[in-house]
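Here is the structure we will look at, set down as structure tokens.
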Amino acid sequence: MSAIYRFRTFAPPVSMPVLSSALVAAFLLSACMSQPPAPTEERGAALRGTATAVPATAAGHYLVKRGDTLYRIALEHGLDYRDLAAWNGIPAPYTIREGQSLRIAASASPGGETPVQAKPVAAAPLVESRPLDPQPAVAASPVAAAGVASAAVKREPRGGKEPYSDEAYARLNKVQEPVRGPEAAKSPESAPSPAPAAAIAVSDDPVWAWPTSAKLSSPFSEAGSKGLDFAGKAGDPVLAAADGKVVYAGAGLRGYGELVIVKHNATFLSAYAHNRKILVREGQQVSRGQKIAEMGNTDADSVKLHFEIRKQGKPVDPAQFLPKR
């Protein structure tokens, strides 16, 4: 029989410090696994929220709001509605939508971005090179040098002999008197200098007049009426307050009824509302005091004329411009 040998493996005794370290590590591991995971933020959602923000309106553009019309936007910015429609490619009947960006300046770019103007880069001035040793001065020409030398040389007066006589003595001692005549009296020093021409003040502001002889019923108010109201009778004449061109004639602006707008220059407009009858057409030139409409009560509760003056599209008090009655 073959002998069978059995070997036993004896593990060394585990010391207490090693056992304690293993227990502590197991406890910490279990504690970490029991804690809930830290909250995470989805950066893609934040980026999507940022991308949906409404961009600011660029300079020279207007963002259409609910209830806006092309005619009202043109009036509020001091523009001819036909120019506004042409700049934005809007055909009749001039329909616009909320949120649409309209170009309100002729120089603005149609895409809603302010045009970038390229300016040439100014070249640096050339550096002038000079030698360290000073250059001798250029010699004058022989003719000029001879002239200077001859002017510097003192020459004695030529002597001469003449027999004595009373005439010779008087001739030699005669003092030359200055010539006086008409030419001397007209010398530049004595002539008076012409007076400067007075500056002529030139103003582009219109010369204003009252649009009606009717009684004033309501003054200008920032919070309420943005113009003057005149109470009159149906058919009373409505007059152009200053020279200009009719840029609107119709009933397209709610709250104004039959309306006439006259553009006087690049700064001023005047508006005449609630007319019964309009007597001018768009594009027509009118003169101050010319009859342009008849007073009425269209889109109003009584017969009246509502008159506005707008400076760069903003309503201003007409009483500041009209003459005293």
Shortest non-hydrogen contact from [X] to [Y]?
X	Y	value
Asn297	Ser302	CB-O, 3.3 Å
Arg276	Gly235	NH2-CA, 3.4 Å
Pro91	Gly89	CD-O, 3.5 Å
Val280	Ile278	O-CG2, 3.4 Å
Arg82	Gly283	NH2-N, 4.0 Å
Glu282	Ala249	OE2-N, 3.3 Å

Is the shortest heavy-atom distance from the side chain of [X] to the side chain of [Y] under 4.5 Å?
X	Y	value
Asn275	Val260	yes
Arg310	Ser270	no
Val238	Thr212	no
Ile292	Val246	no
Leu269	Val262	no
Asp317	Leu228	yes
Glu294	Asp236	no
Ile73	Tyr81	no

**Item:** Step-by-step side-chain contact (heavy atoms from CB on, under 4.5 Å) determination, Leu102 to Gln100
**Value:** CA-CA 6 Å; Leu102 296 181; Gln100 182 178 358; 3.6 Å; yes
If you count the non-hydrogen atoms of other residues, nucleotides and ligands that lie under 6.0 Å from [atom1] in [X], is the total more than 12?
X	atom1	result
Lys245	NZ	no
Lys314	NZ	no
Arg325	CZ	yes

Gap between atom [atom2] of [Y] and atom [atom1] of [X] - 0.5 Å precision:
X	Y	atom1	atom2	result
Arg97	Asp68	CZ	CG	13.5 Å
Lys65	Ile96	NZ	CD1	10.0 Å
Lys311	Phe321	NZ	CZ	5.5 Å
Leu70	Leu75	CG	CG	11.5 Å
Met295	Leu305	CE	CG	5.0 Å
Ser101	Tyr62	OG	OH	11.0 Å

Mark yes or no for whether [X], through its side chain, and [Y], through its backbone, hold a donor-acceptor pair below 3.5 Å.
X	Y	answer
Ser287	Gln290	no
His306	Asp229	no
Asn88	Arg103	yes
Lys226	Glu222	yes
Lys304	Ser217	no
Tyr272	Ala241	yes
Trp210	Pro323	yes
Thr298	Glu258	yes

**Residue pair Glu76 / Tyr71, side-chain donor-acceptor N/O under 3.5 Å** =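 No, Tyr71 and Glu76 have no side-chain donor paired with an acceptor closer than 3.5 Å.
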**Request:** Would you please say whether a donor-acceptor pair under 3.5 Å links the side chains of Asp80 and Tyr248?
**Result:**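 Asp80 vs Tyr248: no donor-acceptor pair found between side chains.
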**Request:** Apply side-chain contact (heavy atoms from CB on, under 4.5 Å) to the pair Asp243 and His264, showing each step before the final yes or no.
**Result:** CA-CA 6 Å; Asp243 299 343; His264 305 288; 5.7 Å; no
**Request:** Check whether Ile261 and Phe307 end up in the same hydrophobic cluster, where Ile, Leu, Val, Met, Phe, Trp and Tyr are linked by side-chain heavy atoms less than 4.5 Å apart.
**Result:**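 As far as the 4.5 Å side-chain criterion goes, Phe307 and Ile261 are not connected within one cluster.
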**Asked** Same cluster for Phe268 and Val207 if Ile/Leu/Val/Met/Phe/Trp/Tyr side chains link at under 4.5 Å?
**Response**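 No, because Phe268 and Val207 fall into different hydrophobic clusters, even though each may have its own neighbours under 4.5 Å.
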**Asked** Would Leu79 and Trp87 satisfy side-chain contact (heavy atoms from CB on, under 4.5 Å), going step by step from the backbone distance to the final call?
**Response** CA-CA 11 Å; Leu79 302 172; Trp87 295 340; 4.0 Å; yes
**Asked** Between His274 and Tyr256, does the ring centre distance come in under 6.0 Å?
**Response**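 Aromatic pair excluded; centres sit 6.0 Å or further apart.
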**Asked** Can Arg288 be said to sit on top of Trp208's aromatic six-ring, NZ or CZ under 6.0 Å from centre and within 45° of the ring axis?
**Response**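 Here Arg288 fails the 6.0 Å and 45° test against Trp208.
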